[in-house]
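Report on one structure; see the data block that follows.
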Protein chains: 2
Amino acid sequence: MSKSSSFLSKTEIMDAAEQTLRRFGPDKTSVTDVAKLLGVSHGTLYRHFPSKAALREAVTERWLEEQIVAPLEQIVKAPADNALAQLKVYIARLIELKLHYAEQDSEMFKMYTDVTMEAAELIEVHIQRIMEQMGILIDRGIQQKRIAQSAATSSLARSLFHATSRFHHPAHAHEWRSASIEQEFEQVWQLLEQGLTASIH
Amino acid sequence: MSKSSSFLSKTEIMDAAEQTLRRFGPDKTSVTDVAKLLGVSHGTLYRHFPSKAALREAVTERWLEEQIVAPLEQIVKAPADNALAQLKVYIARLIELKLHYAEQDSEMFKMYTDVTMEAAELIEVHIQRIMEQMGILIDRGIQQKRIAQSAATSSLARSLFHATSRFHHPAHAHEWRSASIEQEFEQVWQLLEQGLTASIH
DNA sequence: CAAATGACAAATAATATTATTTGTCATTTG
DNA sequence: CAAATGACAAATAATATTATTTGTCATTTG
């Protein structure tokens, strides 16, 4: 992780912070550890981030964008003749990604879980991003006459997000080990899908 | 809290434990504190409960039964010409009760939150109780042709429980302060209700 | 003799002490 | 002169030490 330019950039600091977080976990990484990895004094980091919390949040925000929102954007961008099926794929993928990172990138997932408790604003923005993506799929479904226009798109997106919280909210991560969790989502989805299509079939 | 009979009963111990939990909170109450309140040696309590965890769980189980399940049973028992509306009242009341105790009986609610993390079995039994009650209302709704028999009653009950987790699971308690929480439930319910009634209207 | 006691060891928690970390800012460096 | 440094105080965390709590069981009590 040698610096490419003469001056230290936010990105370089965030890269080093992420690496340190993965190694020591969010409880054990200090600003000093990150500075040590970069070969600079810890005071330098305070010229780029106003506080440790700001650095943690910046790293988490980027992680969410790259690891969760970007892969989901692929689904939204892909052409689909059945937007309702696509919406299910979208939500199933959201759940799958959360489960995957909870297991495979546990320290960064813990960081994200911590930030969820502390930085409500950042998380609200992230949820907003997810709901916007879902909104696109819902609108597409309405145009295809596969989803009934029973409420505003944004309300529907929010309701779908909340109704599936158990499957993607980090507070429930320990419940994801259950053998029946996939089946449980499947059944919740059946109910929601019937709600979305009501008065069409 | 003077003992009514010559021998110490489980109930007396649980009463004293509940009183102590309310006063000191689940983190600060020791078995010795409970024994002190009863005027007995702490060893005596171990003749009635195998461990502190068992006592905590017994108290929580009783609390859930009395404070949550019993009031809900009133709704289930009441005669209703519209079982679907009754089902909504049931779930709204479940949410209202959780919110009420989170605010008004915070130490016992904290005890319940702790137990939810530790004693999965006890909580699974409690959820089972709730789902049985919901099952009765769902069956009633099917008979009244207000709910479509799209899946097994127990599956529907479980799905409704999971889809509304955000509003009654203690891990979300801090989110219940949001001003829009009631409206959010209202919208999730609209979607679920349309799912439940699909192919009837 | 069933119920309760209380002395005891091991585990856990609380407190006191020491070490690290966070955040600032006057000074240094390229 | 913008960027980085490093000395410093205050806040926080880690460790060591002491006190309490948990759980057991041989003995006592009504």
Side-chain angles (χ1 to χ4, degrees), chain A residues 1-60 107 110-111 113-115 117-119 122, chain B residues 1-60 107 110-111 113-115 117-119 122:
Chain A
M1 197 126 298
S2 58
K3 38 181 177 170
S4 48
S5 87
S6 51
F7 298 135
L8 196 60
S9 71
K10 271 193 161 59
T11 305
E12 283 174 300
I13 295 172
M14 284 162 70
D15 289 345
E18 198 170 317
Q19 202 178 322
T20 311
L21 283 163
R22 283 220 173 77
R23 175 143 182 225
F24 301 137
D27 292 350
K28 295 275 182 189
T29 77
S30 70
V31 175
T32 310
D33 290 329
V34 178
K36 209 177 288 169
L37 182 64
L38 288 162
V40 299
S41 94
H42 81 277
T44 302
L45 303 195
Y46 283 90
R47 303 196 90 256
H48 294 86
F49 293 94
S51 65
K52 186 187 185 180
L55 175 56
R56 286 161 58 97
E57 286 168 29
V59 169
T60 304
E107 297 300 356
K110 203 181 290 166
M111 175 79 261
T113 303
D114 289 356
V115 165
M117 304 278 110
E118 299 157 10
L122 183 158
Chain B
M1 196 122 306
S2 59
K3 36 178 174 173
S4 46
S5 88
S6 51
F7 298 135
L8 196 60
S9 70
K10 271 192 160 60
T11 305
E12 283 174 299
I13 296 171
M14 283 161 70
D15 289 345
E18 199 169 316
Q19 203 178 319
T20 311
L21 281 163
R22 283 221 173 75
R23 176 142 180 228
F24 301 137
D27 292 351
K28 294 275 182 189
T29 76
S30 69
V31 174
T32 309
D33 290 330
V34 178
K36 210 178 286 168
L37 183 63
L38 288 163
V40 299
S41 94
H42 81 276
T44 302
L45 302 196
Y46 283 91
R47 303 196 88 258
H48 294 85
F49 292 93
S51 65
K52 186 186 184 181
L55 175 57
R56 284 161 59 97
E57 287 167 28
V59 170
T60 304
E107 297 300 355
K110 203 181 289 168
M111 174 79 261
T113 303
D114 289 357
V115 165
M117 304 278 110
E118 299 158 9
L122 185 158

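Numbered from 1 within each chain, the chains take letters A, B, ... in sequence-line order.
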Side chain of [X] only, heavy atoms from C-beta on: which candidate in [options] is closest?
X	options	result
B:F7	C:dA4, D:dA7, C:dT21	C:dA4
A:H42	D:dT5, D:dT22, C:dG23	C:dG23
B:L8	C:dA4, C:dT22, D:dT22	C:dA4
B:S41	C:dG6, C:dT24, C:dA4	C:dG6
A:K52	C:dT22, D:dT5, D:dG23	C:dT22

Searching all strands shown, indicate the nucleotide that pairs with [N] (Watson-Crick or G-U wobble; both distances under 3.5 Å).
N	result
C:dT29	D:dA2
D:dA19	C:dT12
C:dA7	D:dT24

Measure [atom1]/[X] against [atom2]/[N] and give the value in whole Å, please.
X	N	atom1	atom2	answer
A:Y46	D:dA2	OH	C1'	21 Å
A:R56	C:dG23	CZ	P	11 Å
B:K36	C:dG6	NZ	P	15 Å
A:L38	D:dA3	CG	C1'	15 Å
B:F49	D:dT24	CZ	P	15 Å
A:E12	D:dA4	CD	C1'	14 Å
B:K10	C:dA3	NZ	C1'	14 Å
B:R47	C:dT5	CZ	P	10 Å

### Query
How about A:K52 and A:V31: do any of their side-chain heavy atoms sit closer than 4.5 Å?
yes
Phosphate OP1/OP2 of [N]: any [X] side-chain N/O under 4.0 Å:
X	N	result
A:H48	D:dA4	yes
A:T44	D:dA4	no
B:K28	C:dA14	yes

### Task
Classify the nucleic acid contact of B:S30 as base, sugar-phosphate or nothing, counting any heavy atom under 4.0 Å across all strands shown.
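It contacts sugar-phosphate atoms only.
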### Query
Taking all non-hydrogen atoms of both residues, which atom of B:A16 and which atom of B:L37 are closest, and how far apart?
O-CD2, 3.6 Å
### Message
Looking at A:E18 and A:D15, would you say the former's side chain and the latter's main chain have a donor-acceptor pair under 3.5 Å?
### Response
no
### Query
Between B:R56 and B:E118, does a salt bridge (charged side-chain N to carboxylate O under 4.0 Å, His left out) hold up when you go through it step by step?
CA-CA 11 Å; B:R56 284 161 59 97; B:E118 299 158 9; 3.4 Å; yes
### Donor-acceptor pair between B:E57 and B:T60 side chains, under 3.5 angstrom
no
